[in-house]
There are 2 protein chains.
Amino acid sequence: MARKTDLLPGTLDMLILKTLTRGSLHGYGIALSIKNLSDDILTVEEGSLYPALQRLLLQGWVKAEWKSTETNRRARYYTLTAAGRTQLSHELSQFEQMIAAITRVLQGA
Amino acid sequence: MARKTDLLPGTLDMLILKTLTRGSLHGYGIALSIKNLSDDILTVEEGSLYPALQRLLLQGWVKAEWKSTETNRRARYYTLTAAGRTQLSHELSQFEQMIAAITRVLQGA
DNA sequence: TTTCTATCCATAGACAGCCTATATATCTGC
DNA sequence: GCAGATATATAGGCTGTCTATGGATAGAAA
């Protein structure tokens, strides 16, 4: 049974944090942004996104406040915290290191 | 609680299959090969490796036979099958696509 | 010769993370 | 009035990796 995932497991938090560096967004907007930037390759399901946001809130990597959208709908806007920025840079460097390592194995050099 | 993984989840099968394209190996040898090629970045724990090999056997992507090593020890040598090669190429292209997509999101372009 | 280290295989149980399914509600366009 | 897009959220399940454990042999060191 091949992979069922719409993204690489372990990369969701990083993608969300990175998306928020471009400004505060509500959950739905985060999902759309990732989907669009990735040309529909990465799809963040609601059942993945909202639990992930709860985790990030708990860790203190993002904060949230209720506002209304441009179209007058209630939505919860998430903003990256200082700790979130630090965490993101950790995850980014770890990720790059891993990709480099995997690439070496795949090239068998 | 940051990541606990020694590799990117979802990449283990691919790494094993790729490693076997360079010839038959026993489990321990596969683990060493991945560890060495990745400069110790990727560590395949035994509790991940052997279950993974059982899965690959079940799927028919590798076959196994008991032999003795150069140092006269009994060991189970795994060999890539034709189906395994096909599977590997699928996983490789999917992986590359994902990395490309993630890179686009991380660069925010 | 005893002990330590490296080699070698394998399973059980725990846990994290993502998915499916479901629920609720509002706004827009037809 | 109804469909579809917008918007948040939880429960439950599944998969994959890790930790922990078990066993066994070879070779080196003490």
Side-chain angles (χ1 to χ4, degrees), chain A residues 1-17 24-36 42-59 61-62 64-78 91 94-95 98 102, chain B residues 1-17 24-36 41-59 61-62 64-78 91 95 98 102:
Chain A
M1 214 65 51
R3 170 117 318 97
K4 217 38 182 37
T5 316
D6 285 330
L7 23 86
L8 253 198
T11 61
L12 179 56
D13 289 5
M14 180 178 71
L15 291 173
I16 293 175
L17 293 175
S24 302
L25 273 178
H26 51 258
Y28 192 78
I30 295 171
L32 280 186
S33 174
I34 292 177
K35 188 174 160 72
N36 291 335
L42 307 176
T43 312
V44 182
E45 306 294 333
E46 303 179 341
S48 311
L49 177 64
Y50 292 105
L53 287 171
Q54 300 301 322
R55 283 198 302 273
L56 297 179
L57 275 174
L58 261 177
Q59 304 277 5
W61 295 334
V62 301
E65 49 181 340
W66 287 95
K67 289 188 185 176
S68 43
T69 67
E70 295 166 0
T71 56
N72 257 24
R73 300 173 59 97
R74 276 177 75 256
R76 209 173 178 195
Y77 279 79
Y78 295 88
E91 293 200 18
Q94 224 180 305
F95 178 74
M98 284 242 171
I102 291 174
Chain B
M1 216 63 48
R3 170 120 316 94
K4 216 43 180 39
T5 314
D6 286 330
L7 23 86
L8 255 198
T11 61
L12 178 55
D13 290 4
M14 180 177 72
L15 291 173
I16 293 175
L17 293 176
S24 301
L25 274 177
H26 52 257
Y28 191 78
I30 295 171
L32 281 186
S33 174
I34 292 176
K35 187 175 161 71
N36 291 335
I41 305 294
L42 307 176
T43 312
V44 182
E45 306 295 334
E46 302 181 338
S48 311
L49 177 64
Y50 292 105
L53 287 171
Q54 300 301 321
R55 283 199 302 274
L56 297 179
L57 275 174
L58 262 177
Q59 304 277 6
W61 295 335
V62 302
E65 49 180 341
W66 288 95
K67 287 189 185 175
S68 43
T69 66
E70 294 165 359
T71 55
N72 256 26
R73 300 172 59 98
R74 276 177 76 257
R76 210 172 177 197
Y77 279 79
Y78 295 88
E91 294 200 17
F95 177 74
M98 285 244 170
I102 290 174

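Reminder, nothing fancy here: chain letters follow the sequence lines and each chain counts from 1.
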Sugar-phosphate, base or nothing in reach of A:L49, heavy atoms under 4.0 Å | nothing

Atom OH of B:Y28 and atom P of D:dT25 are separated, to the nearest Å, by 17 Å

Hey, does A:L53 reach any base, or is it just sugar-phosphate, or nothing, if we go heavy atoms under 4.0 Å? nothing

Within the 4.5 Å heavy-atom criterion, are B:L8 and A:L8 side-chain neighbours or not? yes

Heavy-atom contacts, protein to nucleotides 23-30 of chain C, under 4.0 Å, summarised as B (base), S (sugar-phosphate only) or - (none) per nt, yield --BBS---

Separation of D:dT8 atom C1' from A:L32 atom CG, nearest Å, is 14 Å

Testing C:dC18, D:dA9, C:dC8 for proximity to the side chain of A:L12, the answer is C:dC18

Taken to the nearest whole Å, CG/A:L57 to C1'/D:dT8 is 13 Å

Worksheet item: Hey, does A:I102 have a side-chain heavy atom less than 4.5 Å from the side chain of B:L7?
Response: no

Applying side-chain hydrogen bond (donor to acceptor under 3.5 Å, both in side chains) to B:T43 and not counting sequence neighbours gives none

note: B:E45, atom CD; D:dT17, atom P; distance rounded to Å ~ 12 Å

Residue set satisfying side-chain contact (heavy atoms from CB on, under 4.5 Å) with B:A75, at least two apart, ordered chain then number -> B:H26, B:T69, B:Y77

Taken to the nearest whole Å, CD/A:E65 to C1'/D:dT8 is 16 Å

Practice item. Report which part of the nucleic acid A:G47 touches: base, sugar-phosphate, or nothing (heavy-atom distance under 4.0 Å, all strands). Key: base

Only residue of A:D6, A:L15, A:L12, A:N36 satisfying side chain to side chain contact (heavy atoms under 4.5 Å, CB included) with A:L42 is A:L15

Closest to the side chain of A:A75, out of D:dC18, D:dA7, D:dA9, is D:dA7

Side-chain N,O (A:R55) to OP1/OP2 (C:dC18) below 4.0 Å
yes

A:Y78 side chain near A:L57 side chain, heavy-atom distance below 4.5 Å: yes

Are B:T5 and D:dC18 close enough that a side-chain N or O sits under 4.0 Å from OP1 or OP2?
no

A:M98 atom CE is separated from D:dT17 atom P, nearest whole Å, by 12 Å

The salt bridge (Lys or Arg N to Asp or Glu O under 4.0 Å) partners of B:R74 (sequence neighbours excluded) come to none

Anything under 3.5 Å between a protein N or O and an N or O of nucleotides 3-5 of chain C, put it in a table, one pair a line.
none

* Assign A:Y78 to base, sugar-phosphate, or nothing according to its heavy-atom contacts below 4.0 angstrom with the strands shown. => sugar-phosphate

In whole angstroms, the gap separating P of C:dT20 from OH of A:Y50 amounts to 16 Å

Rounded to whole Å, NZ of B:K67 lies from C1' of C:dC9 at a distance of 17 Å

query = Should B:V44 and B:I30 count as side-chain neighbours, where that means a heavy-atom distance under 4.5 Å?
reply = no

The side-chain hydrogen bond (donor to acceptor under 3.5 Å, both in side chains) partners of B:S68 (sequence neighbours excluded) come to none

* Asked: Under 4.0 Å between a side-chain N or O of A:R74 and OP1 or OP2 of D:dT6?
  -> no

Nearest-nucleotide check on DNA chain C, B:H26 vs A:T43; residue mapping nearer the 5' end is B:H26

One should read off an interatomic distance between A:L53 CG and A:L58 CG, to the nearest 0.5 angstrom, of 11.5 Å

Under 4.0 Å between a side-chain N or O of B:S48 and OP1 or OP2 of D:dC18? yes

